[in-house]
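We count ligands from 1, going down the list as the structure has it; atoms in each ligand are counted the same way. Atom set for the values below is all heavy atoms of this structure, side chains included, hydrogens, waters and symmetry mates excluded. Along the sequence shown, residues are numbered consecutively beginning with 1.
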Amino acid sequence: AAKGRGRGVWAAYEPHMSQALAEKNQLHDRLKQAMDRGGLELHYQPQVAVAGGGIVGVEALLRWHDPELGPISPERFIPVAVRSGLIQTLGDWVLDTACRQSAHWARAGTPVRISVNLSAQQFRQTDLVDRLAQLMAQHGTQPDMLELEITETEAMADPDMAREVLLRLRALGVSIALDDFGTGYSSLSYLRLLPVSRLKIDREFTRHIMSRPDDATLVRAVIALAHTLGLPVVAEGVETEGQLRFLRQHHCEVFQGWLYAKALPADEVSAMLLAELLPGEADEATPRYA
Ligand code: C2E
Ligand code: MG
Ligand code: MG
Ligand code: MG
């Protein structure tokens, strides 16, 4: 019944609704409230050079703490936002916030590239490129301080379309990372044609490199593939010294993971970036893994 009125429009509670559906309705209402009242935050997870240990970028990740439901993972609320159409507004807010933060870090003397996740819906918006250009101009964001992440699966769903949009984004000067790499079905010939700057290995593969030989093989193959294409690799979800050692052995360039830091509020990242500017003290302020 709820869906009868058209895509993305949810009717009020009905007794026969499954509990899962009722929960999604509640999540939708509360998410909308949070968006209206400024209840969402963008946190930033450091990306770190495997050799050297310096912060080379940060990934912007949405955080939502509902006063009653507690913290809710983007893996739960992004699909809700997609189904209900809220993702447009949410995606715009993320881009706006990231562009402003990037300009702020540059002005503060601690420029750092921010990687922003694009949903499939945003990626298909015809005015995405114009809106992004407008936001960067408005905030004075340097294009080389911005990277957009699109998943391998989304890029390969329509490689010709993806290539066209990515070329237009690249013309703005922003770089592109292929996210969750290894979970999709990239063909090498298409991959060659996509104007991407980095491959990000999905954390599901990083997770088991020390215990599952198949996953270790896959990670090694992805690194080799990326290097064949001349692309550096970012490994997500690095939690242990052993995983980092493996990545170093196989010449992965960048890692991201709890071993170094979780996604943090902007001011905590500012402190880390400032600490890196202070020679000598940096080693005490932030852990080193080089
Ligand atoms: P993703 O883009 O692949 O982001 C990486 C995820 O791995 C993040 O989950 C991050 O917190 C998590 N992660 C990083 N290091 C570790 C680690 O060492 N261990 C573990 N267990 N996890 C780690 P998060 O923040 O829950 O986000 C999940 C997904 O939600 C993201 O996956 C992304 O697809 C989506 N997402 C998050 N923020 C946004 C956003 O602003 N816009 C869009 N469209 N999607 C977003
Ligand atoms: Mg990502
Ligand atoms: Mg990812
Ligand atoms: Mg992911």
Side-chain angles (χ1 to χ4, degrees), residues 31 34-35 40-48 50 55 57-65 70-102 113-125 128 132 135 146-155 175-184 196-210 219 222 233-244 246-247 252 254-266 269 287 289:
L31 177 60
M35 285 168 61
L40 291 174
E41 264 190 276
L42 213 47
H43 283 197
Y44 302 89
Q45 185 177 34
Q47 299 180 329
V48 181
V50 167
I55 297 175
V58 296
E59 179 175 9
L61 294 162
L62 268 168
R63 292 293 177 259
W64 173 25
H65 193 286
I72 299 161
S73 157
E75 267 159 14
R76 274 186 71 203
F77 70 78
I78 291 205
V80 172
V82 165
R83 271 193 303 274
S84 61
L86 288 177
I87 191 70
Q88 307 281 10
T89 315
L90 190 56
D92 277 355
W93 180 81
V94 168
L95 279 175
D96 181 67
T97 306
C99 283
R100 178 183 298 122
Q101 185 63 52
S102 171
R113 183 173 52 208
I114 302 181
S115 301
V116 179
N117 292 285
L118 282 187
S119 68
Q121 292 70 22
Q122 273 177 297
F123 190 64
R124 286 154 194 272
Q125 274 168 22
L128 169 70
L132 183 61
L135 285 173
L146 206 58
E147 178 176 78
L148 300 174
E149 296 191 2
I150 169 182
T151 65
E152 177 195 18
T153 305
E154 170 59 11
S175 54
I176 315 286
L178 220 44
D179 202 1
D180 300 350
F181 197 84
T183 60
V196 301
S197 308
R198 308 202 283 179
L199 295 191
K200 295 191 74 174
I201 300 182
D202 194 72
R203 71 173 193 267
E204 284 310 311
F205 300 111
T206 313
R207 190 196 297 263
H208 303 293
I209 43 180
M210 305 309 284
V219 168
V222 169
V233 180
V234 183
E236 283 184 349
V238 176
E239 296 184 355
T240 69
E241 291 282 358
Q243 290 166 338
L244 182 59
F246 177 95
L247 294 170
C252 174
V254 177
F255 78 98
Q256 194 183 326
W258 297 353
L259 176 64
Y260 191 88
K262 294 192 175 185
L264 302 165
V269 175
Y289 299 98

Dump the intermediate steps for side-chain contact (heavy atoms from CB on, under 4.5 Å) on Val254 and Val50, then the final yes or no. CA-CA 5 Å; Val254 177; Val50 167; 5.5 Å; no

Which of the atoms of ligand 1 are close to [X], meaning less than 4.0 Å from one of its heavy atoms?
{"X": "Val238", "result": "18 (O)"}
{"X": "Glu239", "result": "17 (C), 18 (O), 19 (N), 20 (C), 21 (N)"}
{"X": "Gln45", "result": "14 (C), 15 (N)"}
{"X": "Gly237", "result": "15 (N), 16 (C), 17 (C), 18 (O)"}
{"X": "Ser119", "result": "44 (N)"}
{"X": "Arg63", "result": "11 (O), 24 (P), 25 (O)"}
{"X": "Gly257", "result": "15 (N), 18 (O)"}
{"X": "Val94", "result": "41 (O)"}

In Glu59, the N, O or S atom nearest to the Mg ion (ligand 2) is which? OE2

Indicate yes or no for a side-chain donor-acceptor contact from Gln243 to the backbone of Thr206 under 3.5 Å, with no hydrogens or angles considered.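 Confirmed, Gln243 side chain pairs with Thr206 backbone.
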
Is the Mg ion (ligand 2) under 2.8 Å from any N, O or S atom of Glu236? no

Checking only N/O/S atoms, does Ser115 have one that is under 2.8 Å from the Mg ion (ligand 2)?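 Ser115 does not place any N, O or S atom closer than 2.8 Å to the Mg ion (ligand 2).
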
Heavy-atom distances under 4.0 Å are what count here, so tell me which part of [X] touches ligand 1: side chain, backbone, both or neither.
{"X": "Asp180", "value": "side chain"}
{"X": "Thr151", "value": "neither"}
{"X": "Lys262", "value": "neither"}

Using the side-chain contact (heavy atoms from CB on, under 4.5 Å) rule, take Met35 and Leu40 through it: C-alpha gap first, then chi angles, then the decisive distance, then the call. CA-CA 6 Å; Met35 285 168 61; Leu40 291 174; 3.5 Å; yes

As an exercise, state the distance from [atom1] of [X] to [atom2] of [Y], rounded to the nearest 0.5 Å.
{"X": "Leu61", "Y": "His43", "atom1": "CG", "atom2": "NE2", "result": "10.0 Å"}
{"X": "Leu199", "Y": "Phe181", "atom1": "CG", "atom2": "CZ", "result": "5.0 Å"}
{"X": "Asp179", "Y": "Leu148", "atom1": "CG", "atom2": "CG", "result": "11.5 Å"}
{"X": "Leu178", "Y": "Thr153", "atom1": "CG", "atom2": "OG1", "result": "9.0 Å"}
{"X": "Leu264", "Y": "Gln45", "atom1": "CG", "atom2": "CD", "result": "8.0 Å"}

Is [X] in polar range of ligand 1, meaning some N or O pair under 3.5 Å apart?
{"X": "Asp202", "answer": "no"}
{"X": "Gln122", "answer": "no"}
{"X": "Leu62", "answer": "yes"}
{"X": "Glu75", "answer": "no"}
{"X": "Gln256", "answer": "no"}

Residues Arg207 and Glu236 bridged, charged N to O under 4.0 Å: no

Are any of the side-chain nitrogens in Lys200 or Glu59 under 4.0 Å away from the carboxylate oxygens of its partner? yes

Restricting Asp180 to its N/O/S atoms, the closest one to the Mg ion (ligand 3) is OD1

From CA spacing to verdict: side-chain contact (heavy atoms from CB on, under 4.5 Å), Leu132, Leu146: CA-CA 11 Å; Leu132 183 61; Leu146 206 58; 4.0 Å; yes

So, using side chain to side chain contact (heavy atoms under 4.5 Å, CB included) as the criterion, who are the partners of Ser197 when residues are at least two apart? Arg170, Ser175

Only heavy atoms count here, so choose which of Ile150, Ile72, Leu61 is nearest to atom 8 (C) of ligand 1.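 Considering heavy atoms of Ile150, Ile72, Leu61, the nearest to atom 8 (C) of ligand 1 sits in Leu61.
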
Nearest to atom 45 (N) of ligand 1 by heavy atom, Ile78, Thr240, Leu40: which? Ile78

The Mg ion (ligand 3) and Asp179: any N/O/S contact shorter than 2.8 Å?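 Looking at Asp179, which is the residue asked about, there is an N, O or S atom under 2.8 Å from the Mg ion (ligand 3).
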
With Phe77 via ring-ring contact (aromatic ring centres under 6.0 Å, His included) - residues at least two apart: Trp64

Quick one: does Glu59 get within less than 4.0 Å of ligand 1, heavy atoms only?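 Contact present.
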
Quick one: do Glu239 and Lys262 satisfy salt bridge (charged side-chain N to carboxylate O under 4.0 Å, His left out)? Show the steps, please. CA-CA 10 Å; Glu239 296 184 355; Lys262 294 192 175 185; over 6 Å; no

Quick one: angle Asn117 OD1 - the Mg ion (ligand 2) - Glu149 OE1, to the nearest 10°?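 With the Mg ion (ligand 2) as the vertex, OD1 (Asn117) and OE1 (Glu149) sit 90° apart.
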
Do you know which of Glu147, Arg113, Arg198 makes side-chain hydrogen bond (donor to acceptor under 3.5 Å, both in side chains) with Gln47? Arg198

